[in-house]
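Let me begin by presenting the structure, written as structure tokens, before commenting on it.
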Amino acid sequence: MQRAHRLRRGTDFDRVRASRRSWAHPLLICYASPADGIGLPRIGIAVGRRVGNAVVRNQVKRRIREAVRTFYGKIQPGVDLVLIARPAASKAGYADLAGAVGSLIERAAAKPVGSKSPTDGPAQS
RNA sequence: GCGGGAGGAAGGGCGACCGCUUCGAUCCGUCGGAGAGGAAAGUCCAGACAGCGCAGAGCAGGGUGCCCGGCGCAAGCCGGGGCCGGGAAACCGGUGGUUAGAGCCACAGAGACCAAUGCCUCGAUUCACCUCGUUUUGGAUCGGGGAGUGAAAAGGGUAAUCCCCCCCGCUGCAACCCGAAGCAUGGCUGAUGACGCUGCUCGCCGAGGCCAGGGUACGGGGCAUCCGCCAAUUUGGCGGACAGUUCGCUUCGCGGGCUGAGACAGAUGGUUGCCGAGAAACAGAAUCUGGCUUACUCUCCUCCCGCCUAU
RNA sequence: GCCCCCGUCGUCUAGUGGCCCAGGACGCAGCCCUUUCAAGGCUGAGAUCGCCGGUUCGAAUCCGGCCGGGGGUA
């Protein structure tokens, strides 16, 4: 997950969260918004202080990042995502977090498959 | 052997595949090097560094604190000793000055601080009396003894109260410097001196300051141990110093080798194999350094104290 | 990251060495008043003063260390 695939600026986070398009999971919350230009999808990860101390937050962040890497090819281009960890994520293992990330990407920003209409994507919001 | 105490070491190792940050090389396909801690933590001290006005004077405020010796710029640390408290001991914790001065010491108690007086009792002297008492009344004076109160009483306690002696400008890398982009003004105030070096006063300086609203929240340096030299387009090479680690020696030191993390939504991860009894605890660098404090683990080493057993 | 501030009944707070095993208001419970409710009156319960040490005869208060909240900072 290289730097070009990540959200870099605070204004990007604000813009994605201001789009109000969100999907919830017991471990994570996902926001989605179309990017300014057509390009690679970008992901931002936020882990607040309620999740745990610095070690726990880093561990959660790395597991989410690794899960995003495995599902990265399924995200449609030109979409910005923000993944926010909830406190329960501190007790979840990698398999649970990866499942959460996979389901959220499937629901929020999956590439249109076959002849299916792309109306479930957030780019129309 | 069991229990307790002090000090120290260590904080997994070797790999495979897929990934991350950074540096370098590159035939742009890739390749190679480096990549969290003993506390990185809490932010409790001190210093470096940077800005603020000459970094001024006084007050306020803050800090240090038994004695001797040593290390250190300082905070602080090490060794020995004294006193107090805890413990059976090893050991642990705490430490200035109340004959410079001031304040406070509730309740209780006669009295709580340069002393003065009250209670009980004994003795002596003396006075009073419808009761004339020294085996027995009351008062006064002098002298002796005592109880009670309280943490503490003819002699204190409290400086983790002010104070005395010694030290300290303020603000902090979101400091600060360079560059770029963008915006809209309105009100109040100011050479009768605003603002500022912080809280107050003085001295000094000399033109902006405050509020509301609006705009941008980008690049680089500081910043990755420091300094110097060489070559130079970047990179690099050499030397010295500092720190860490390791080895050796003629061992309070000297010499050799190796190493020097570093971003700006913020780098160590995922899956798994072997060693192994097992891989668990606290915990993630953010300007840097030295200390202090706190959190914690499977073990290992050295020394000390007590008990039991054996010799 | 850096720099500050605050923890006292359920809530908001007063108390800055002893008069306080902590006072007040709102809330809570009971009684009175009222046909009933509200308002009003009386009474009562409710606090290991965030935690652990220390100084002192004596600590919510003074000192040290932890814990938990909150704020500022281009």
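So that the names make sense, note that chain A is the first sequence line, chain B the second, and so on, each numbered from 1.
Regarding F71(A), its CZ atom lies at a distance of 13 Å from the C1' atom of rG270(B), rounded to whole Å. Rounding to whole angstrom units, CD1 of residue I45(A) and C1' of rC20(B) are separated by 12 Å. Atom CD1 of I43(A) is separated from atom P of rG19(B) by 18 Å (rounded to the nearest Å). Taking atom CD of E66(A) as the reference point, atom P of rU268(B) lies 10 Å away to the nearest angstrom. We find that CG of N58(A) is positioned 11 Å from C1' of rA285(B), with the value rounded to whole Å. Taking atom CZ of R57(A) as the reference point, atom P of rA36(B) lies 21 Å away to the nearest angstrom. One interatomic measurement links the two molecules: CZ of R69(A) to P of rU21(B), which rounds to 12 Å at whole-angstrom precision. Between R15(A) atom CZ and rA265(B) atom P there is a gap of 15 Å when expressed in whole angstrom units.
Glycosidic conformation of rA36(B) is syn; the angle stays within 90° of 0. With its glycosidic angle within 90° of 0, rG29(B) adopts the syn conformation. Glycosidic conformation of rA191(B): syn, with the torsion inside 90° of 0. Against the 90° criterion about 0, the sugar-base torsion of rA106(B) places it in the anti range. Using a 90° window around 0 for the glycosidic torsion, rG109(B) falls outside it and is classed as anti.
Interatomic distance, OG1 of T70(A) versus CZ of R65(A), reported as 13.5 Å (0.5 Å rounding). The CG atom of L28(A) lies 14.0 Å from the CH2 atom of W23(A); values are rounded to the nearest 0.5 Å. Here the OG atom belonging to S103(A) is positioned 8.5 Å from the CZ atom belonging to F71(A), to the nearest 0.5 angstrom. With values rounded to the nearest 0.5 angstrom, I105(A) atom CD1 is found 6.0 Å from I43(A) atom CD1.
Once the 5.5 Å centre distance and the 30° plane angle are applied, the aromatic ring of F13(A) is found stacked with the base of rA265(B).
Considering only side-chain N and O atoms, R62(A) lies under 4.0 angstrom from the phosphate OP1 or OP2 of rU268(B). At the phosphate of rG270(B), neither OP1 nor OP2 sits under 4.0 Å from any side-chain N or O atom of R65(A).
Exactly one of I75(A), V68(A), I45(A) qualifies for a side chain to side chain contact (heavy atoms under 4.5 Å, CB included) with L81(A). That residue is I75(A). Applying salt bridge (charged side-chain N to carboxylate O under 4.0 Å, His left out) to D80(A) and the options R15(A), R6(A), R21(A) leaves one that passes, R15(A).
Between V56(A) and R63(A), it is R63(A) whose nearest contact on RNA chain B lies nearer the 5' terminus. Of the two residues contacting RNA chain B, namely A46(A) and A95(A), the nearest-nucleotide position lying further toward the 5' end is that of A46(A).
With sequence neighbours left out, the side chain to side chain donor-acceptor pair (under 3.5 Å) criterion links E66(A) to R69(A).
Within the shown strands, nothing qualifies as a pairing partner of rU235(B) under the Watson-Crick or G-U definition with both distances less than 3.5 Å. Base pairing of rA160(B) is not made with any nucleotide, judged by Watson-Crick or G-U wobble geometry with both donor-acceptor distances under 3.5 Å. Across all strands shown, nothing is found opposite rG193(B) as a Watson-Crick or G-U wobble partner with both distances under 3.5 Å. When both distances must be under 3.5 Å, the Watson-Crick or G-U wobble mate of rA25(B) is rU30(B). Pair check for rU294(B) finds none; no Watson-Crick or G-U wobble contact set falls under 3.5 Å. Nucleotide rU268(B) forms a pair with no other nucleotide shown, judged by Watson-Crick or G-U wobble geometry with both contacts under 3.5 Å. The nucleotide rA124(B) finds its pairing partner in rU141(B), both defining distances of the Watson-Crick or G-U wobble pair being shorter than 3.5 Å. The pairing partner recorded for rA212(B) is rU185(B), the criterion being a Watson-Crick or G-U wobble arrangement whose two distances lie under 3.5 angstrom.
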For residues 83-94 of chain A, please give each side-chain donor-acceptor pair under 3.5 Å, one per line with the distance, not counting sequence neighbours.
unit_1, atom_1, unit_2, atom_2, d
R86(A), NH1, H25(A), O, 2.8
S90(A), OG, P87(A), O, 2.9

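Going from the P atom of rU135(B) to that of rU125(B) covers 13 Å, rounded to whole Å. rA283(B) sits 38 Å from rA50(B) when the P atoms are compared, rounded to a whole Å. Taking atom C1' in both rC258(B) and rC229(B), the straight-line distance is 25 Å, to the nearest Å. When the P atom is used for both rC226(B) and rG7(B), the distance is 37 Å, rounded to whole Å. To the nearest whole angstrom, the two P atoms, one in rC66(B) and one in rA160(B), are 12 Å apart. For rC20(B) and rG266(B), the P atoms lie 13 Å apart once the distance is rounded to whole Å. Going from the C1' atom of rA191(B) to that of rC183(B) covers 32 Å, rounded to whole Å. For rC296(B) and rG70(C), the P atoms lie 26 Å apart once the distance is rounded to whole Å.
With distances taken from any side-chain atom of Y94(A) to the nucleotides rU271(B), rA265(B), rA283(B), the minimum falls on rU271(B).
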